Amino acid sequence: MNRLHPQIMYASVREYLQELEESGVDGLPFEVALQQSELSRGREAEQQQPAQFSTARPQTLDELFKRIGDCQRCDLSHGRTNLVFGAGYEKARLVFVGEAPGADEDRQGQPFVGEAGLVLTRLIEAMGLKRAQVYICNVIKCRPSANRNPHKDEINTCAPFLTQQLQIIKPEVIVALGTFAAQTLLENKEPISRMRGQFHSWHGIPVMPTFHPSFLLHNKENKQHYWDVWSDMEQVLRKLKLPVPEKKKRA
Ligand code: URA
């Protein structure tokens with residue numbers, strides 16, 4: 001019988017465990033864990049030196065960021081200038097999730113810093129908050145070139161990092177900005193106009209889908225969309241038991 005060298009076998013088990021973790025699995029049934037530990041028993045060479053690589057789930061955003069590293073897991077890596085991980089407060093009560101970085105974000109390595117970012121910043125400030133008090137990130141961490149829609153395999157590769165960000169931050173409320181973020185988080189194909197205006201749930205955390213800031217920008221003449229977004233944010237503030245600033249509709 002062909003036998004795998006223990007070091008090769010151990011490396012592939014490690015890789016497999018890392019893939020599981022990146023897709024959000026945080027434990028294995030006892031029997032599987034036992035098999036894995038039996039597999040690793042024969043690795044004399046490894047035992048002589050401390051492990052170079054930890055399969056433990058990242059506990060902080062910084063650890064997760066390092067784990068993602070100079071990501072080459074999908075084709076989006078070829079066209080990016082910077083990976084846009086996310087920004088804000090690690091213990092934020094409120095997280096905003098967008099779609100993917102645009103050209104400005106790709107250049108600066110920060111989420112929502114272009115035109116749509118200005119709209120988002122204004123919204124956050126209108127809520128009586130500062131960007132530094134919330135956390136802002138995207139489902140996809142690298143800019144799809146020419147702003148094309150991300151492909152299924154790119155979403156499947158990248159979305160687990162959003163899952164891990166949210167598991168680390170443990171926000172009390174998530175705002176999904178636009179169709180793509182809402183459909184990815186809620187795993188459905190509903191139009192945003194049907195999802196917005198009420199809370200949904202992501203692993204028990206309330207999710208408020210709302211229109212994307214770019215949509216507001218491209219439909220400036222329709223003020224009703226702004227009021228819809230504001231009414232969604234009023235619900236978010238109430239859920240967080242924060243004061244709701246009064247906004248008067250101008251005729
Ligand atoms: N649009 C997004 O969805 N995310 C950004 O970071 C910028 C624009």
Side-chain angles (χ1 to χ4, degrees), residues 61 64-65 68 71 74 76-77 79-90 92 94-127 129-152 154-166 169 171 173-193 195-196 200 202 207-220 225-226 228-229 232-233 236:
L61 292 176
L64 176 59
F65 181 61
I68 296 174
C71 185
C74 81
L76 293 179
S77 59
R80 72 159 185 249
T81 311
N82 286 296
L83 183 148
V84 181
F85 178 69
Y89 183 38
E90 175 134 7
L94 177 58
V95 171
F96 290 86
V97 179
E99 178 173 338
D104 294 304
E105 290 76 19
D106 175 62
R107 231 181 342 264
Q108 297 183 44
Q110 295 294 322
F112 283 98
V113 288
E115 267 197 295
L118 274 179
V119 177
L120 179 62
T121 305
R122 263 192 253 123
L123 181 66
I124 292 169
E125 290 175 354
M127 295 168 79
L129 301 168
K130 297 194 171 74
R131 272 179 76 118
Q133 290 176 289
V134 301
Y135 194 81
I136 304 171
C137 59
N138 287 301
V139 176
I140 302 291
K141 310 298 186 209
C142 299
R143 180 183 183 229
S145 52
N147 290 340
R148 68 162 171 80
N149 289 334
H151 299 154
K152 190 115 196 78
E154 294 159 353
I155 301 167
N156 291 342
T157 305
C158 212
F161 297 131
L162 172 64
T163 301
Q164 292 186 56
Q165 279 174 306
L166 294 172
I169 300 168
V173 176
I174 299 167
V175 172
L177 298 166
T179 311
F180 181 81
Q183 290 185 346
T184 309
L185 280 169
L186 302 174
E187 295 181 47
N188 68 25
K189 285 280 161 217
E190 293 285 313
I192 188 72
S193 51
M195 283 188 275
R196 62 148 294 275
H200 301 248
W202 181 86
V207 177
M208 175 59 78
T210 198
F211 293 128
H212 193 284
S214 301
F215 176 76
L216 297 182
L217 267 175
H218 294 130
N219 294 278
K220 275 195 188 123
H225 297 321
Y226 278 93
D228 288 343
V229 170
D232 298 341
M233 295 310 106
V236 166

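Numbering of ligands and ligand atoms starts at 1, following listing order. Throughout, residue positions are numbered sequentially from 1 according to the sequence presented. Values reported hereafter were calculated over all heavy atoms of this structure, with side chains retained and with hydrogens, waters and symmetry mates removed. Here the structure is a predicted model, which is why all the values come from computation and not from measurement.
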| task | Check step by step if side-chain contact (heavy atoms from CB on, under 4.5 Å) holds for Ile136 and Val95. | result | CA-CA 6 Å; Ile136 304 171; Val95 171; over 6 Å; no
| query | Counting each atom of ligand 1 from 1 as listed, which ones have a heavy atom of Gly98 under 4.0 Å away? | reply | 3 (O)
| said: With respect to Ala100, determine whether any N or O atom, backbone or side chain, lies less than 3.5 Å from an N or O atom of ligand 1. | reply: yes
| query | Which residue, Lys141, Arg143, Arg148, forms the salt bridge (Lys or Arg N to Asp or Glu O under 4.0 Å) with Glu154? | reply | Arg148
| field | Residue portion contacting ligand 1 (non-hydrogen atoms closer than 4.0 Å) for Glu99 | value | both
| message | Between ligand 1 and His212, can you find any atom pair, the residue atom being a heavy atom, that is separated by under 4.0 Å? | response | yes
| task | Mark up the atoms of ligand 1 that fall under 4.0 Å of a heavy atom belonging to Pro111, in ascending order. | result | 6 (O)
| message | Taking distance alone, with N or O pairs closer than 3.5 Å, would you say Phe112 contacts ligand 1? | response | yes
| said: Counting non-hydrogen protein atoms only, what is the nearest one to atom 4 (N) of ligand 1? Give residue, atom name and distance. | reply: Asn138 OD1, 2.8 Å
| query | Hey, is Ser214 one of the residues with a heavy atom under 4.0 angstrom from ligand 1? | reply | no
| request: Check whether any side-chain heavy atom of Tyr135 lies under 4.5 Å from a side-chain heavy atom of Leu94, and answer yes or no. | output: no
| message | Is there a side-chain contact between Glu115 and Pro213 in this structure, where contact means two heavy atoms from C-beta onward sitting under 4.5 Å apart? | response | no
| Note, Ile140 side chain near Ile155 side chain (heavy atom, < 4.5 Å) | yes
| message | Tell me which pairs pass salt bridge (Lys or Arg N to Asp or Glu O under 4.0 Å) where either residue lies in residues 94-107, with sequence neighbours left out. | response | Asp104-Arg107
